Amino acid sequence: MAETNWEICVQTRAVGEAAIIYASDYLNKLTGERIERECKRQLDSGRRAVIINFRDTELVNSIGVSILLELIDAAEQNTAQLIFSDVNANTANLFETLGLTRLVSLATDEAEALSWVSAPVSEARP
Amino acid sequence: MIQPRILAEISADKFFGRDAELREIERHASSVGHSRGLALMATADGGASELLRQAYDRLFLRRGDPVPIYFAFKQSDASAAGTARRYFQTVLQQYIAYRRVNSAFSRATLTFNDLLELALPADYELITNLLEAFHREQSSETDFINFCFALPERLRAAGRVVFPLIDCTAIGPSREGLGVGQRVAEQLVNYDGPFVVAGLRRQLNELIHGTDNGWDAGAIIRLERLREPAAAQLLESLGDQYQIDSNQVTRDLIVQQLDASPLFLTEFMRAAHRNRTRLNSFLTCQQLYVDELLGGSFKRHFDRMLDLVVPNRQTSRTLLRILYESAMSETRKASLWTWKKRLGLASPEFERVIDALHVYELVNSSAAFIEVNSEIYVWMDYLRAHYRVEVAGEARARVVGTTLLETLERAPQTMTRKYRRDAALGLRDLMPQFNCQRVPASLLNYRSFAAAYKGEDNDTIESGLDAETELIQLPQVIQTAACSSYSSEVSCERERCIVAQAFEAAEYTAANEVVWLAAEIDAKLEADRELTEEWCNRLTMLARECGFERFCIWLIAPEGFSESAGELLKEREAFGSSRQQVKLLSARLQSELRPAEIQADEYEMVIPMGGDTEMIAANTVEKIARRINFQPEAINQIKTALVEACINAAEHSLSPERKIYQRFVVSDDKLTVTVASRGVLPAQITGPQARDEGVKENGGKGRRGWGLKLIRTLMDEVEFERVDDGTRLRMTKYVRRSA
């Protein structure tokens with residue numbers, strides 16, 4: 001069932017054990033913190049996997065990246081899976097440059113990400 | 001059309017080497033409401049008076065506001081009241097001359113009644129009132145003096161703006177003269193219009209700041225001696241005017257020997273004209289020179305100065321002896337105490353004498369020492385010759401003969417020095433251009449330069465240098481001086497051995513202080529190890545002697561350095577260049593100074609900090625980058641880099657105005673983006689974290705402050721430019737054409 005958390009303007013969708021959070025067109029401090037809050041909310045509510053969908057994201061700045069790293073830590077602490085999907089080539093390059101790709105799995109799209117949710121983490125990472 | 005002369009003594013087309021100064025004065029005349037006072041600081045023989053007169057003539061003929069007024073203090077001004085009266089009449093007369101568009105009135109001898117009759121009907125009432133007040137105020141001398149000196153302000157109050165050009169160069173060292181000058185300066189504080197005060201450079205500050213009501217000069221012109229080409233032009237022109245036979249060689253010698261002084265050059269050519277001397281050989285030139293020194297205009301010039309310094313004849317002889325003996329001593333320096341004891345003067349009189357010598361630049365005095373100024377040939381020759389005649393009592397004929405011999409023997413050396421100076425690379429001009437630029441490393445390393453480019457043509461070398469990836473950041477040089485100014489132990493020529501105080505990076509901190517010691521060394525072939533070592537040792541010794549904690553040696557040899565010399569330079573962590581390398585370096589620095597990208601498209605934008613405004617900048621740069629066909633990936637990299645630069649500026653600068661200034665310069669193959677903001681300099685720029693670690697290096701911890709690393713990764717060239725306040729980051733991305 002899809003839901004939109006309008007209060008913090010972050011679109012979220014729940015699919016089984018996973019929550020899918022949609023990042024906005026520009027991931028900076030403000031929008032990053034919104035995603036962070038939503039992600040933690042989802043983890044606190046017992047979700048075992050969080051997918052962040054970057055389909056609308058054109059630009060990510062370094063503060064946005066640092067927040068994503070906080071999320072990776074938070075997911076690890078909750079023994080939950082964190083997967084990024086629909087990351088465009090430029091953003092993927094940026095993640096590569098800053099070393100994020102060593103810490104998180106990038107799925108081509110939501111379907112692929114969801115297919116990884118039940119798989120063990122070691123298999124999920126390409 | 002040649003400008004007619006009004007007050008000028010030299011025809012405008014024969015007034016050489018002062019165009020820039022004249023333009024500056026003209027500009028200042030039009031600066032009503034902006035900086036009011038312009039201080040013109042000159043040497044005694046620098047031609048400041050003629051410069052003001054030329055400015056007067058130009059402004060008179062230019063018409064329009066304000067009305068130029070030229071007033072010169074005279075040594076014969078006996079009293080403050082007399083000077084005030086002359087000032088009042090000069091201002092009024094020149095005002096009326098200007099209004100009547102009749103320049104003859106500016107220099108005519110006119111009475112107050114004449115002035116009243118000549119006044120335009122529109123000025124008649126004003127002039128009548130001023131003249132009545134002039135007579136009325138004479139009952140009190142103080143009021144009268146203040147009234148006269150305040151005339152520009154009174155005219156201003158009546159809606160007539162004048163532009164006083166006050167010439168204080170002849171005030172002289174007397175306290176009385178200085179006092180009157182100070183009273184004029186005080187009145188100008190209240191004057192709400194532009195004005196110029198010219199004076200001897202070592203006296204002018206006291207003149208304008210010496211009273212409670214001193215004014216701050218809004219602008220300053222430092223009138224140095226003429227540059228050699230202008231001095232040569234002046235000499236040639238005087239030769240034509242007086243029909244004096246001369247040649248290029250003798251003219252060059254005269255310019256050198258007379259230190260390019262417009263006063264001495266003019267007097268010398270006048271003397272040649274009077275005596276019908278042909279200046280076509282060193283012998284005739286030196287004969288005339290010695291005549292002028294011992295009995296002509298040069299003698300009168302220095303006699304007059306020394307008379308003003310010490311009117312008493314006996315003391316004057318003692319002074320001559322002390323000056324001579326100090327000049328002949330090894331250091332040319334003596335303590336004030338020694339001078340005082342030998343002169344036998346009471347403290348106030350002694351201080352006045354020393355001040356006067358200092359003002360006329362015959363000596364350089366500091367709190368403890370006096371040093372005879374040995375840089376002026378004519379002064380030193382005068383001192384030697386007159387000591388021998390007047391103090392040592394030598395026969396005049398003998399002094400004339402030996403002085404002539406000495407000057408003739410010296411002439412070839414003088415010319416050699418000139419030729420060597422002309423042939424020098426001009427490190428004193430080059431090094432102040434160092435301003436944290438990044439230049440190809442091979443320009444400072446002869447061996448690698450020779451390996452890459454020896455025998456190549458200029459175009460190949462230029463493109464090779466352009467493609468070099470190993471760059472060296474030059475320091476920011478803040479001051480240069482000849483090595484000989486720091487130490488008399490290091491024997492070298494002034495132009496060829498330079499001490500450059502600098503900062504190594506964009507931040508003014510003690511840790512960044514560095515001194516560059518640069519020397520041009522003589523070698524016909526590649527300089528060998530022995531010579532290179534000798535110079536390295538010499539400069540290292542200088543650095544130790546001067547207490548330079550961090551220094552860097554840069555040697556320049558015409559043909560570069562041998563392999564073993566190159567190894568030595570490497571061992572000593574010194575730089576070594578050939579003349580060719582220095583010329584290439586100089587050309588690169590010059591091209592940066594020129595508005596080089598003037599043909600490129602240029603955009604500027606200012607955004608407020610915060611509120612995601614960096615996205616506005618990113619969208620703008622995207623549109624600009626598309627115009628030069630950057631690939632989409634490169635466009636995104638530029639956008640990300642710009643966003644990071646904006647975030648850095650907003651986060652770290654503490655900018656008081658919260659603005660980010662951006663400049664986008666587009667050329668065929670690259671886009672250069674400059675992002676600047678006011679405020680503090682973030683430590684990450686110059687501190688140890690300048691090359692910040694990324695996630696890869698620190699395992700994902702310490703997750704902020706990657707902006708700069710990211711920018712360096714995304715752009716091809718990234719450089720912080722030095723600015724006084726805040727930061728200015730320049731980033732360049734090159735277009736990579738797809739195959």
Side-chain angles (χ1 to χ4, degrees), chain A residues 8-10 23-36 39-40 52 54-78 82 84 86-106 121 125, chain B residues 609-623 625 630-652 660 675 682 684 689 692-715 718 733:
Chain A
I8 52 172
C9 301
V10 178
S24 61
D25 58 347
Y26 176 37
L27 187 61
N28 62 359
K29 185 169 186 281
L30 183 68
T31 55
E33 282 172 351
R34 283 174 183 164
I35 290 173
E36 184 181 23
C39 185
K40 284 179 177 167
I52 301 177
F54 289 93
R55 69 181 183 199
D56 297 325
T57 306
E58 283 180 36
L59 213 62
V60 180
N61 73 24
S62 60
I63 304 176
V65 171
S66 70
I67 292 169
L68 292 177
L69 281 163
E70 298 291 331
L71 290 183
I72 293 169
D73 280 351
E76 259 178 25
Q77 282 164 17
N78 284 275
L82 183 67
F84 293 171
D86 298 88
V87 181
N88 71 27
N90 296 319
T91 306
N93 280 341
L94 180 72
F95 289 170
E96 170 69 28
T97 303
L98 293 173
L100 260 76
T101 47
R102 289 190 314 166
L103 308 169
V104 72
S105 308
L106 302 191
V121 173
R125 279 186 190 149
Chain B
M609 289 177 176
D612 293 351
T613 53
E614 65 272 17
M615 284 307 285
I616 297 172
N619 291 333
T620 305
V621 82
E622 178 175 3
K623 289 188 173 66
F630 273 107
Q631 298 294 314
E633 185 189 347
I635 291 176
N636 213 277
Q637 289 171 336
I638 297 168
K639 283 171 69 178
T640 306
L642 179 57
V643 163
E644 291 302 325
C646 291
I647 292 171
N648 262 350
E651 277 209 319
H652 302 297
I660 303 172
V675 179
Q684 69 187 73
Q689 305 95 344
D692 43 7
E693 292 177 349
V695 185
K696 286 173 182 174
E697 290 79 14
N698 68 6
K701 305 299 172 194
R703 282 157 181 171
R704 295 297 303 279
W706 306 328
L708 189 54
K709 174 197 158 62
L710 197 52
I711 293 168
R712 290 193 202 278
T713 309
L714 299 170
M715 301 296 278
V718 178
K733 187 84 173 172

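Please read these numbers as outputs of a predicted model, since none were measured by experiment. Labels below follow one simple rule: chain letters A, B, ... track the order of the sequence lines, proteins then strands, and each chain is numbered from 1. Every heavy atom of this structure was used, including side-chain atoms; hydrogens, water molecules and symmetry mates were not.
- Using a 4.5 Å cut-off between heavy atoms, B:Glu614 contacts chain A through its side chain alone, with no backbone atom that close.
- Rounded to the nearest 0.5 Å, atoms CD1 (B:Ile711) and OG (A:Ser62) are 8.0 Å apart.
- Only the side chain of B:Glu644 comes within less than 4.5 Å of a heavy atom in chain A; its backbone stays farther off.
- Between the CG atom in A:Asn61 and the CG atom in B:Leu710 there is a gap of 9.0 Å [rounded to 0.5 Å].
- Using a 4.5 Å heavy-atom threshold, the side chains of A:Val60 and B:Thr640 count as separate.
- For the atom pair CD (A:Glu96) and OG1 (B:Thr713), the distance works out to 11.5 Å, reported to the nearest 0.5 Å.
- Shown here are the side chain to side chain contact (heavy atoms under 4.5 Å, CB included) partners of A:Asn88, two or more places apart in sequence or in another chain: A:Asn90, A:Thr91.
- We find the CG-CG distance between A:Leu94 and B:Asn636 to be 8.5 Å, quoted to the nearest 0.5 Å.
- Per-residue counts of heavy-atom pairs under 4.5 Å with chain A were compared for B:Glu633, B:Met615, B:Lys639; the largest is that of B:Met615.
- For A:Asp56, the side-chain hydrogen bond (donor to acceptor under 3.5 Å, both in side chains) criterion is met by no residue, not counting sequence neighbours.
- Interatomic distance, CG of A:Asp25 versus CG of B:Asp612, reported as 9.0 Å (0.5 Å rounding).
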